[in-house]
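Take a look at the structure set out below.
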Amino acid sequence: MALQPGEGSAPAAGPLVDTFGRIADDLRVSVTDKCNFRCTYCMPAEGLPWLPKDEVLRFEEITRLAGIFVGLGVKEIKLTGGEPTVRRELPKLVGMLRQAHPDLAMSMTTNGYLLDRLAGPLAEAGLDRVTVSCDSLMRHRFAEMTRRDALDQVLAGLRAAEEAGLTPIKLNCVVIAGTNQDEVVDLARFARESGYEVRFIEYMPLDAEQHWERAKVVPSAEILETIDQVFPLIADGDGSEPATTFRFADGEHGAIGVIASVTEPFCDTCNRLRITADGQMRACLFAMQEADLRTPLRDGTPDEGIVRIIRDAVWAKWEGHKINHPDFRRPERSMSMIGG
Ligand code: SAM
């Protein structure tokens, strides 16, 4: 009979595995809960109560944790937030991580607003590539969705990232019915012109204001169909990413990705772990439980003790987030506090 999540004991060696046999090897580290945007689907206009500074992990603590996770088989670290670029001296952290792990894949998800000045220093410090969020190519709509009139600044950030070699660049675009759904073909055209992979993300019930409703979710299948009618697509990708990727049938460069977290959850192949800015590990975006890593980091617990906590928490990972089940409950933290 199959094990229940957390039943029995986590293996003491080998990769980070759960009771369903999934191996976690992709780590997202939130470096701050603060953000300089106020995207309507994420954060209220007035912001959120920010974490007290002493609760946020220090660079040395993040570097130590990263070392522990790499030792446990993590192959890729993605820095996120909040908005990672608002964390002071971010290139210093990237440099510390790079020095400790010369071969580790290291990327960052950002709104791009500060990339015009930070792309160079981040690339020099050892960052490999960026994913930039951009939900609209229309100035007024971009301002409406992010509550910041910043499209030009983000486009300048994208150019700076390209010049600095933070490539291949991916663009994240949350699609909301009745808001930017009519732009998917224009965004696909942008993928062809820029060579970026434009990834359409389904709107998830993780907005702080709890305005999410199912009617606002545009199914990925519908997005693909709309694009395919104008720019025929061919399935691509190795299935190891949450995004299903497609290239253009006419051979034009650029690519399209869809992240169908709501209509086609990919829990059975999920390989992600997240650490919040205050040092709590989450095995699922929608998890109700977190494993506190900050306390052991600060109370003198040796690495082996932290490894045990991580292994047990991964072992206890649930089968899936049940977003389509009547029993679904939202986690207490919203997206910016988790680290998307
Ligand atoms: N500030 C950075 C950025 O804008 O990319 C990193 C953090 S942000 C929380 C990470 C990603 O989560 C962004 O692409 C954002 O659009 C997405 N996101 C935020 N709230 C979401 C929601 N309710 N549903 C789907 N995606 C969401």
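In each ligand, atom 1 is the first atom listed, and ligand 1 is the first ligand listed.
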Scan residues 46-60 for pairs that pass salt bridge (Lys or Arg N to Asp or Glu O under 4.0 Å), counting only residues two or more places apart or in two chains. R58-E61
Would you mind running through ligand 1 and noting each atom that sits below 4.0 Å from a heavy atom of T110? 2 (C), 3 (C), 4 (O), 5 (O)
Minimum-distance protein heavy atom relative to atom 24 (N) of ligand 1: M204 N, 2.9 Å
Give the residue, atom name and distance (to 0.1 Å) of the protein heavy atom nearest atom 9 (C) of ligand 1. M335 CG, 3.5 Å
Could an N or O of ligand 1 be found under 3.5 Å from any N or O of Y41, whether backbone or side chain? yes
Please report whether ligand 1 has a polar contact with Y203, defined as an N or O pair separated by less than 3.5 Å (distance criterion only). no
With heavy atoms of E202 as the reference, note each atom of ligand 1 found under 4.0 Å away. 25 (C)
Test your reading of the structure: does S133 have an N or O sitting under 3.5 Å from an N or O of ligand 1? yes
Would W315 and L273 show up in the same hydrophobic cluster when neighbours are defined by side-chain heavy atoms closer than 4.5 Å? no
Given M288, which of H321, R329, R282, E332 fulfils the side chain to side chain contact (heavy atoms under 4.5 Å, CB included) condition? R329
Atom CZ in F200, atom CG in D135: separation rounded to 0.5 Å? 10.5 Å
Go through the steps to decide whether L90 and M108 satisfy the test side chain to side chain contact (heavy atoms under 4.5 Å, CB included), and finish with yes or no. CA-CA 11 Å; L90 184 68; M108 175 175 77; 3.7 Å; yes
By ring-ring contact (aromatic ring centres under 6.0 Å, His included), which residues pair with F246, not counting sequence neighbours? none
Check the pair N111, R148 against side chain to side chain contact (heavy atoms under 4.5 Å, CB included), reporting the backbone distance first and the verdict last. CA-CA 11 Å; N111 61 32; R148 296 288 182 268; over 6 Å; no
the protein heavy atom lying closest to atom 26 (N) of ligand 1 turns out to be V174 CG2, 3.5 Å
Determine whether the side chains of E162 and T167 contain a donor N or O and an acceptor N or O closer than 3.5 Å. no
Which ligand 1 atoms does T80 reach within 4.0 Å, using its non-hydrogen atoms? 6 (C), 7 (C)
State the atoms of ligand 1, each with its element, that fall below the 4.0 Å cut-off from a heavy-atom position in G82. 1 (N), 2 (C), 6 (C), 7 (C)
With respect to N172, determine whether any N or O atom, backbone or side chain, lies less than 3.5 Å from an N or O atom of ligand 1. yes
Can you figure out which of C35, G81, A208 has its heavy atom closest to atom 8 (S) of ligand 1? G81
of all protein heavy atoms, closest to atom 2 (C) of ligand 1 is E83 OE1, 3.3 Å
For T276 and E290, which I'm curious about, is there any donor-acceptor pair between the side chains at under 3.5 Å? no
